[in-house]
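Every number for a ligand or one of its atoms is a count from 1 in the order of the listing. Because the structure is a prediction, the values reported are computed rather than measured.
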Amino acid sequence: DGLAAPDTAGLTAVLRSAVAQGAPGALARIDDHGTTYRTTYGYADRGTRRAMDAGDRFRVGSVTKSFSAVVLLQLADEHRLELDAPVNRYLPGLLPDDRITVRQVLGHRSGLYDFTYDMFADSVPGFEAVRHKVFTYRELVALSLKHPRTNAPGAAYSYSNTNFVVAGMLIEKITGHSVRTAYENRIFGPLNLQDTFYVHPDTAIPGAHAHGYLTPDRAGDPLVDATEQTVSWAQSAGAIISSARDLDTFYGALLGGRLMSAARLAEMERMNQVDATTAYGLGLRRRDLPCGVSVYGHTGTVQGYYTYAFATKDGGRSMTAVANTSNNGEVLNTLAGALDSAFCGKQGK
Ligand SMILES: CC1(C)S[C@@H]2[C@H](NC(=O)CCCC[C@H](NC(=O)C[NH3+])C(=O)[O-])C(=O)N2[C@H]1C(=O)[O-]
């Protein structure tokens, strides 16, 4: 594939910087055509001072959106769903505009307002108010519909968690099962993702895991251990738990064409430009790196955890990097450097 060898020293330096900027710890794993690189820095648990381990499980946040999109694209392959059909064909009366289609929802082009803007305007109080709450999908959609749409259906890209709450409703309506069952039967099981779980509404992360620490809005206030939460505000938009090994396996299999037909994968990868270096398809981001390599995957931000999980277009090389803090823009930006180290090598410097 002509890629430069991964710059593992550079990758470790990225993690060290993230810790210097406020993350208690960080981890990264590269799977490159059968060769695995692992690196960690700092702590998984500030209380016990346990060191971060590359095998630690964590909350993946919006990386969940790729899993939800895969299930719906598989249903399209099975002729049980049409991407250009109105959402309201499958969920009559749910949305106030019959023109909003499944494809627009999966591409963040529906115009549905993102209810998390209000929910997390004040980061710590907003989190504490919902960390143990259990929402129904309809309650979350109702929070969105209190606001006008951000754009006419299909007219613009406007990222919104509401879209992937609707995706979860579509999965449950069309399959007749919970999203948990759909994820397990269609992705977790077939790919043997032994570190990957959908435990909503339980709050515990099974097995060895990194604690996640929410950075408060006010400088100097203490970090908040956000590890235990239902993530019910996100569910099919952000509640999956996984590991770097499993996310590398998932995006390697997805981009390697093992989870859906080539035609559906091409639709997932049909991108709308978001800014100079990123684009969005259907539950999938593309990031264009300085060395000319484009990688495909998703980012995740959930209280306590930042995730980058990306792979080359053929799935031959994948990388997952995680810092166990959130609400810290410096750390989020620094962690993006893991992509350059993993896919551009030393030339990425
Ligand atoms: C588009 C994103 C960045 S936001 C979206 C989703 N995460 C959320 O919607 C959580 C937002 C609040 C998280 C919280 N921030 C605040 O409370 C700020 N007041 C924090 O940092 O812990 C996810 O994950 N996506 C990211 C993605 O897709 O990369």
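In L214, the part holding a heavy atom less than 4.0 Å from any atom of ligand 1 is the side chain. If you look at T301 next to ligand 1, the close heavy atoms, those under 4.0 Å, come from the backbone and the side chain alike.
Look at E78 and R186 and you find a salt bridge, because one of the NZ, NE, NH1 or NH2 atoms lies within 4.0 Å of a carboxylate O, short of that distance.
Protein heavy atom closest to atom 22 (O) of ligand 1, with residue, atom name and distance, is S326 OG, 2.6 Å. Atom 25 (N) of ligand 1 has S62 OG, 2.8 Å as its closest protein atom, hydrogens excluded (heavy atom only). What sits closest to atom 9 (O) of ligand 1 on the protein, heavy atoms only, is N161 ND2, 2.8 Å. Atom 14 (C) of ligand 1 has Q303 NE2, 4.3 Å as its closest protein atom, hydrogens excluded (heavy atom only). When hydrogens are left out, the protein atom nearest atom 29 (O) of ligand 1 is T299 OG1, 2.6 Å; that is the closest non-hydrogen contact. Closest to atom 21 (O) of ligand 1 among all protein heavy atoms lies N327 N, 2.8 Å. For atom 12 (C) of ligand 1, the closest non-hydrogen atom of the protein is F120 CD1, 3.7 Å.
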> Could you go step by step and tell me if Y183 and S68 meet the side-chain hydrogen bond (donor to acceptor under 3.5 Å, both in side chains) rule?
Replying inline: CA-CA 8 Å; Y183 293 148; S68 297; 2.6 Å; yes
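The backbone N or O of M169 sits nowhere less than 3.5 Å from a side-chain atom of E172 that would complete a donor-acceptor pair. Distance alone, capped at 3.5 Å, places no donor-acceptor pair between the T325 side chain and the A23 backbone. Judged purely by atom type and a 3.5 angstrom limit, D45 uses its side chain to pair as donor or acceptor with the backbone of T48. Judged by distance alone, the side chain of K65 and the main-chain N or O of G283 form no donor-acceptor pair under 3.5 Å.
Between the choices P125, A226, S123, the shortest heavy-atom distance to atom 16 (C) of ligand 1 belongs to S123. Checking F164, Y213, W233, Y159 against atom 10 (C) of ligand 1, the nearest heavy atom belongs to W233.
Using a 30° and 60° split on the angle between ring planes, Y305 and F58 fall in the tilted class, from 30° to 60°.
Between D217 and ligand 1, no pair of N/O atoms sits closer than 3.5 Å.
Atom 2 (C) of ligand 1 is not flagged as protein-proximal [any protein heavy atom, distance under 4.0 Å].
For W233 and F120, the ring centers sit closer than 6.0 Å to each other. Separation of the Y280 and H298 ring centroids falls under the 6.0 Å cut-off.
Under a 4.0 Å criterion applied to the non-hydrogen atoms of H298, ligand 1 contributes the atoms 28 (O). Less than 4.0 angstrom separates some heavy atom of T116 from each of these atoms of ligand 1: 9 (O).
Heavy atoms of G300 approach ligand 1 to within less than 4.0 angstrom. In this structure, M119 does not count as a contact residue of ligand 1, since none of its heavy atoms falls inside 4.0 Å of the ligand.
The 12-atom threshold is exceeded at CZ of R131, counting heavy atoms of other residues, nucleotides or ligands nearer than 6.0 Å.
Here the straight-line distance linking atom CG of L255 with atom OG1 of T312 works out to 7.0 Å at 0.5 Å rounding.
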